[in-house]
2 protein chains.
Amino acid sequence: MKILESAIKKIKKPNSKMYEEAKERLRNQARPAGSLGILEDVGARLAGIFNTLDVKLENRQVVTCAGDHGICEEGVSLFPSDVTRQMVYNFVNGGASINVLAKHANAKVAVADLGVNWDFEPELPIFHKKIGKGTANFAKGPAMTREQAVQSVEAGIEIVDRLLEKRPLHIIGTGDMGIGNTTPSTAIIAAFSKIPVKKLTGRGTGIDDEALKNKIRVIESALDKNKPDANDPIDVLAKVGGFEIGGLAGIVIGAAKAGIPVVCDGLISTAGALIACKIARGAKPYLFASHNSVEIGHRFMLEHLGLTPLLNLEFRLGEGTGAAVAFELLDIATRVLCEIKTFEEVAIIDAQKNA
Amino acid sequence: MKILESAIKKIKKPNSKMYEEAKERLRNQARPAGSLGILEDVGARLAGIFNTLDVKLENRQVVTCAGDHGICEEGVSLFPSDVTRQMVYNFVNGGASINVLAKHANAKVAVADLGVNWDFEPELPIFHKKIGKGTANFAKGPAMTREQAVQSVEAGIEIVDRLLEKRPLHIIGTGDMGIGNTTPSTAIIAAFSKIPVKKLTGRGTGIDDEALKNKIRVIESALDKNKPDANDPIDVLAKVGGFEIGGLAGIVIGAAKAGIPVVCDGLISTAGALIACKIARGAKPYLFASHNSVEIGHRFMLEHLGLTPLLNLEFRLGEGTGAAVAFELLDIATRVLCEIKTFEEVAIIDAQKNA
């Protein structure tokens, strides 16, 4: 608990004066006020975080956290759990979707095992942070112990710390891999929002109507059985969460501690972000939503967090793919703020040319 | 009329076999089918256009067409017409929004005067294609003659021809500058769709409630007076259009003629694209929608064209800003198609590593 408590205490507020200065500059640019929409607020928020109007998002990092889920026993996913392990190797080999999208965004990908049901070779270049070989089936009892929940969050914080020992980072994106993990993520937003599970549950990797009905029943019954306490985010994570979801919460807290903006991907990453912001309210100003997932529960998470997604590309992949694409838009937001001339600057250029 | 007729005849269909091959590859990639949403179809369409699975959008060009509007006499805009001229100079000086966003997208910006109410110096590095010094006030009669409408479209085609003499292009984005030009653009979609003007009319650069009511009245009365023939796109352009809107239609036709994908920006660019596709149905497969503008009429244009916008950033600026941002997403779509490994390719890599 020490790592977590210490991290929470270290989170500082972004500079609100610089945020206001950025807003002022945006208002004075030679274009109709507000005409660059949601990129304007993104730019101003980044200015507040970095305490400058000239933000440079140079070193970019995606962290993809993997874990397995006992709940798969209940037939909630189209794919077998073994795919989690396979995809970890695929990430390491560089052929997965996140590798391609991160490369395009000039970002590096770090892969972390928080709880895959497989013994990876110790030399495999991933973060070895296994809390357990898959969670317990939370249809039958808690997914993990309270201690494991804290450990998973602290593992995420430590991953950010280790990454920062290697190089400074200017932006972090979160991503997930874990067959079955839309089920705990949906249970988490249901626990916090009290919105009926039926309204929150999507098809994950593509289950049919019958399997969807089953998934809803499984989540409803698990919430009923485990009774996660919405006022205790660690309890929610322990009862109906996942190891990689805890890790993802830790990434958000670790980034906020280090003063680095963090972009959450889809349903699972945002479930982690939700837990992070419940644990550490100070993390929220560092958090950006990348996209609006096809997974229906995601929009309720974003509403709960008060975040506007930058993209609506009908992604439903995870891995950090939406976050990587959003890096480009955050970068554009920094250029909009810094490089578009104000009316005053345009007039000065004109005067110099005519002098 | 010769340039236009010849261009229409030269438009070829994209390769549908390559499109299908791309779809097949996307389906076989090591991820849930369809999980990269609308980027998948974008990638497949680009493959069809370029007849390869490895599309490289290297040389990128934004063309920003400017013109003035007699309709401004009716008080439809917040800004004075003189701003059109000022912004042309701002584009040339490189300090405008489109310069910043195009630079970020590694694209060049070409500026074209189709009908600004100002005599630009002949040495100013823009395309000098002035059809007239602003359109006539279409509240009182047609905005331009039929001959001028054709000339404006042909000017757009010629601009693409000239650009291609300098270097090959792989993607073109359209953009506009013209105080008052949301009014003709709204009139154009009203003429084609027969949807009530009230449902289609937005606030442009930011007019208030009273001015909005006036703008709606002006458009309704102008449509009533001029009776543009929805089956004759040149008639619509002549009666209630604008010189830069004709130019933007020409850019789309010119791009299609050259087999180059073209990304339309917001309300005004899409008004041009609408006219282009009505004149030359073959242009449609080359057309991509960049974003969903705040201007309410835009969504009806995109529906009319059957296009899905890639971005929803609440932009309402024009200049080509949305198109420039969308270049990045089109580029990502090409990498998704080409670089994400199929299940088969992943298996081959595994086999090689274990050999």
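To find a chain, count down the sequence lines: A is the first, B the second, and so on, and within it residues start at 1.
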Quiz item: Of all of Val83(A), Val325(A), Val100(A), which one pairs up most often with chain B through heavy atoms under 4.5 Å apart?
Solution: Val100(A)
Self-check item: Full working for side-chain contact (heavy atoms from CB on, under 4.5 Å) between Ile332(A) and Glu328(B)
Solution: CA-CA 10 Å; Ile332(A) 291 172; Glu328(B) 314 254 18; 4.1 Å; yes
Self-check item: Max heavy-atom pair count under 4.5 Å with chain B, selected residue of Glu339(A), His104(A), Met87(A), Glu314(A)
Solution: His104(A)
Quiz item: If you draw a 6.0 Å radius around NZ in Lys23(A), do more than 12 non-hydrogen atoms from other residues or ligands fall strictly inside?
Solution: yes
Quiz item: Relative to chain B, which segment of Leu78(A) carries a heavy atom at a distance below 4.5 Å: side chain, backbone, both, or neither?
Solution: neither
Quiz prompt | Partner of Arg31(A) under side chain to side chain contact (heavy atoms under 4.5 Å, CB included), chosen from Ile98(B), Leu317(B), Thr321(B) | solution = Leu317(B)
Exercise. Check each of Asn312(A), Val42(A), Ile38(A) against Leu313(B) using the side chain to side chain contact (heavy atoms under 4.5 Å, CB included) test, and report the only one that passes.
Key: Ile38(A)
Quiz prompt | Contacting moiety of Asn90(A), where chain B heavy atoms sit under 4.5 Å | solution = side chain
Exercise. List the atom of Arg316(B), the atom of Gly34(A), and the distance in Å for their closest heavy-atom pair.
Key: NH2-C, 3.8 Å
Quiz prompt | Between Val336(A), Leu39(A), Asn292(A), the one whose heavy-atom pairs under 4.5 Å with chain B are most numerous | solution = Leu39(A)
Exercise. Would you mind checking which part of Leu311(A) comes under 4.5 Å of any heavy atom in chain B, side chain (CB onward), backbone (N, CA, C, O), both or neither?
Key: side chain
Quiz item: chain B heavy atoms under 4.5 Å from Asn99(A): which part of the residue, side chain, backbone, both or neither?
Solution: neither
Quiz item: Tell me, side chain or backbone of Ala33(A) under 4.5 Å from chain B's heavy atoms, or both, or neither?
Solution: backbone
Quiz item: Do you know which two heavy atoms are closest between Phe79(B) and Pro32(A), and how far apart they sit?
Solution: CE1-CG, 4.3 Å
